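Below is one structure; the comments refer to it alone.
All values reported here derive from a predicted model rather than from experimental measurement. In what follows, chains are A, B, ... by sequence order, proteins preceding strands, each numbered from 1.
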2 protein chains.
Amino acid sequence: MSERDWRPRYVQLAEELREKIQRGELPAGEPLPSEPELAEQTGISRTSVRNAIRQLREWGLVRAEQGRGTFVRRPKVRVKRSNVERYQWEKDRVHEPEEVRRQTGGTEHDTGLSVHDLKFHAKYQEMDAPSDLAHIFGVRSGTKLLQRTYWTSAKTEDAPLSMSRSYLVHEVVAKNPDLLSDRNEPWPGGTHHQLSTVGIEIDHITDHVVARPPSPDEADILRTESGDWVLVLRKISTSTEGKVVEVADAVYPADRTELVYNIGLKRWNQA
Amino acid sequence: MSERDWRPRYVQLAEELREKIQRGELPAGEPLPSEPELAEQTGISRTSVRNAIRQLREWGLVRAEQGRGTFVRRPKVRVKRSNVERYQWEKDRVHEPEEVRRQTGGTEHDTGLSVHDLKFHAKYQEMDAPSDLAHIFGVRSGTKLLQRTYWTSAKTEDAPLSMSRSYLVHEVVAKNPDLLSDRNEPWPGGTHHQLSTVGIEIDHITDHVVARPPSPDEADILRTESGDWVLVLRKISTSTEGKVVEVADAVYPADRTELVYNIGLKRWNQA
DNA sequence: GAGTGGTCTAGACCACTGT
DNA sequence: CAGTGGTCTAGACCACTCC
């Protein structure tokens, strides 16, 4: 006598399919049986079958494609971002000769893809500081900011995408008019070099990491599935004079991203 | 003549309710109209109303409670974890006198809650190293590990919860038998002090941050909503001798957590 | 017991994909 | 064109909460 299974039928079906997928019985890329087929096989209604499939989608195991079928997703390879090393690398790059700086940008360094795999987009806009940014910069709400939006689109499928917004105090960077136009992007040497042209050196950077559901435009650019989340990294850069000079928000698809931070500790015997 | 709205009706309803919530017309804590009520008001079926509400749940805006109603969630306050400072603090604490070490543990430091608000749980188990952990520790698969599971449950509502698993190589810590039993938890001075009793000093720590849907037991302990994700932090500690001595996985509710990393950069003029 | 959300059915039409 | 997933209806019964 086996015990009665009190779980809802759609949960039971979802679990069955999950096990089949994880045992490799339904390999990645393969379609599930169609919804009417599953309904007939299991003797439950199509609505409940759809409920089970919705569960599998929330678990990130399958992806439904309109008119084609529902397919087992291949496990996402997470792209590692080591920001401690990356930020130092970006800073060091400023004193390289221009032809070296031209060869790789931050994005290529992030993704490991070459310039040829990526399309780079940049857009500059002026805006009034909302209260949270004003507070971080230590300026009054409504102070003019330069907002720079960057996104990359990959030519190859399954490549990691990203989207970021950077904020600078307009008055600070306006000393060099070249910094105000997106026609100068991609700037060889990146933000560190841009800021160095107005006499700013960055002393330290603080990363703030949160995860949340994507906004509609983020979902669009990153091509996330329904139920996916994004990792949001707010990078706050402080100059050697102790002023916050840049705030940058980067948005990554959470299931394809791993952030790595290396932290050295003081030795006891050197205290 | 207004244009026809081609979006599905449940999406339209979801958007309408989202706007009402964000305009404050439906304040946090208030119930939505019941499902039959919404169905009647809008003239669509209850199934479609439920679809709209599912959308709002995925957006994290509402929470459904069986038998009571569907309520507007109050925006979650994120608990900040500054691991750079925290890890150094934990290391420094080892050389404090025992009565000081006894007063606060890592958990209290994390959450800002006092000992009285939290129930602390610890469980030790032996296990054979799975291949990923074996690879990190640099030992053979199947090597005996000590697995330590910690979780806190809060007495007050809405308090941040957490759950973590720590792994040590059994042979390494067995030199001090006190380290093998969970009856000695909470250990004054934490892992740094525990390891110091077998002659180990930690030199640096690497944090690996990913986000994913919770496993069923994680969802249970953290009381996450369906559709919520968790932040998983894998902390890898390396000794002054260059060996990985501890791997610890901490799981946090993603919508209540913010991780902060402070990164100092080398000065140009000191190069 | 009345009202809530959770599960479930047996249909229907639609938009999209492939051949 | 047939077959897929997406939307939608009009019912039904259940488990749970609160009075």
Side-chain angles (χ1 to χ4, degrees), chain A residues 4-17 21 26 29-73 157 216 219 223-228, chain B residues 4-17 21 26 29-73 157 216 219 223-228:
Chain A
R4 186 151 161 12
D5 194 341
W6 288 102
R7 294 171 306 169
R9 303 192 121 141
Y10 79 92
V11 174
Q12 295 176 38
L13 174 56
E15 295 274 342
E16 274 172 39
L17 290 170
I21 290 169
L26 286 166
E30 286 299 299
L32 261 50
S34 76
E35 293 175 0
E37 226 169 311
L38 281 170
E40 221 220 333
Q41 282 173 23
T42 57
I44 65 185
S45 74
R46 195 184 147 212
T47 309
S48 292
V49 168
R50 279 184 66 73
N51 253 328
I53 290 178
R54 184 163 45 71
Q55 183 73 263
L56 293 172
R57 292 221 261 170
E58 273 183 16
W59 290 339
L61 292 173
V62 303
R63 143 185 230 108
E65 288 177 43
Q66 168 79 264
R68 304 217 313 125
T70 302
F71 301 87
V72 179
R73 288 173 75 171
E157 198 54 56
R223 289 182 214 156
T224 53
E225 286 279 292
S226 137
D228 283 356
Chain B
R4 187 154 161 12
D5 194 342
W6 289 103
R7 293 172 307 168
R9 303 196 117 127
Y10 78 91
V11 174
Q12 295 177 37
L13 174 56
E15 295 274 344
E16 274 172 39
L17 291 171
I21 290 169
L26 286 166
E30 285 300 298
L32 261 51
S34 75
E35 293 175 0
E37 227 169 310
L38 282 170
E40 222 221 334
Q41 281 174 24
T42 59
I44 65 184
S45 73
R46 195 183 148 212
T47 310
S48 292
V49 169
R50 279 184 65 74
N51 253 330
I53 290 178
R54 182 163 46 70
Q55 183 73 262
L56 293 172
R57 290 220 262 170
E58 275 183 16
W59 290 338
L61 293 173
V62 302
R63 145 187 227 106
E65 288 177 43
Q66 168 80 264
R68 304 216 314 124
T70 303
F71 301 85
V72 179
R73 287 172 76 170
E157 199 52 59
R223 293 183 212 158
T224 53
E225 285 281 291
S226 136
D228 283 356

Distance, rounded to the nearest Å, where B:L32 contributes CG and C:dG5 contributes P: 8 Å
So, is A:T70 near the phosphate of D:dT4, with a side-chain N or O under 4.0 Å from OP1 or OP2? no
Output the single nucleotide from D:dT17, D:dG5, C:dT7 whose closest atom is nearest the side chain of B:R50. C:dT7
Nearest whole Å is fine: how far is D:dG3 C1' from A:L38 CG? 14 Å
First encountered from the 5' end of DNA chain C, between B:T47 and B:E35: B:E35
Residue whose closest nucleotide on DNA chain C lies nearer the 5' end, A:S45 versus B:P36: B:P36
Is there side-chain contact between B:V62 and B:I21, with at least one heavy-atom pair below 4.5 Å? yes
Expected output: side-chain A:S48 to main-chain A:I44 donor-acceptor under 3.5 Å: no
Rounded interatomic separation in angstrom, taking CG from B:L13 and C1' from D:dT7: 14 Å
Are any of the side-chain heavy atoms of A:F71 and A:E30 separated by less than 4.5 Å? no
What's B:R57 touching, base or sugar-phosphate or nothing? Going by heavy atoms closer than 4.0 Å. sugar-phosphate
B:I44 near the nucleic acid: base, sugar-phosphate alone, or nothing, with a heavy-atom cut-off under 4.0 Å? sugar-phosphate
Counting only heavy atoms from other residues, nucleotides and ligands, does the tally under 6.0 Å from CZ of B:R73 exceed 12? yes
Between P on C:dG6 and CZ on B:R68, what's the gap in Å once rounded to a whole number? 13 Å
If the cut-off is 4.0 Å, is A:Y10 near the phosphate of C:dC8, judged by side-chain N/O to OP1 or OP2? no
So, applying side-chain hydrogen bond (donor to acceptor under 3.5 Å, both in side chains) with A:R46, which one of A:E37, A:E35, A:E40 is it? A:E35
In terms of side-chain heavy atoms of B:P8, which of C:dT9, D:dT7, D:dT9 is nearest? D:dT7
B:F71 has an atom CZ; how far is it from atom C1' of D:dC16, in whole Å? 13 Å
How long is the line joining CD1 of A:I53 and C1' of D:dT7, in whole Å? 15 Å
Polar pair under 3.5 Å, donor/acceptor by atom type, side chain B:R46, base C:dG6: yes
Expressed in angstrom and rounded to an integer, what is the separation of A:R63 atom CZ from D:dG6 atom C1'? 16 Å
Between C:dC14 atom P and B:N51 atom CG, what is the distance in whole Å? 19 Å
Please pick, from C:dC8, D:dA15, C:dC16, the nucleotide with the shortest atom-to-atom distance to any side-chain atom of B:Q66. D:dA15
Taking 4.0 Å as the cut-off, does a side-chain nitrogen or oxygen of A:S34 come that near to OP1 or OP2 on D:dG3? no
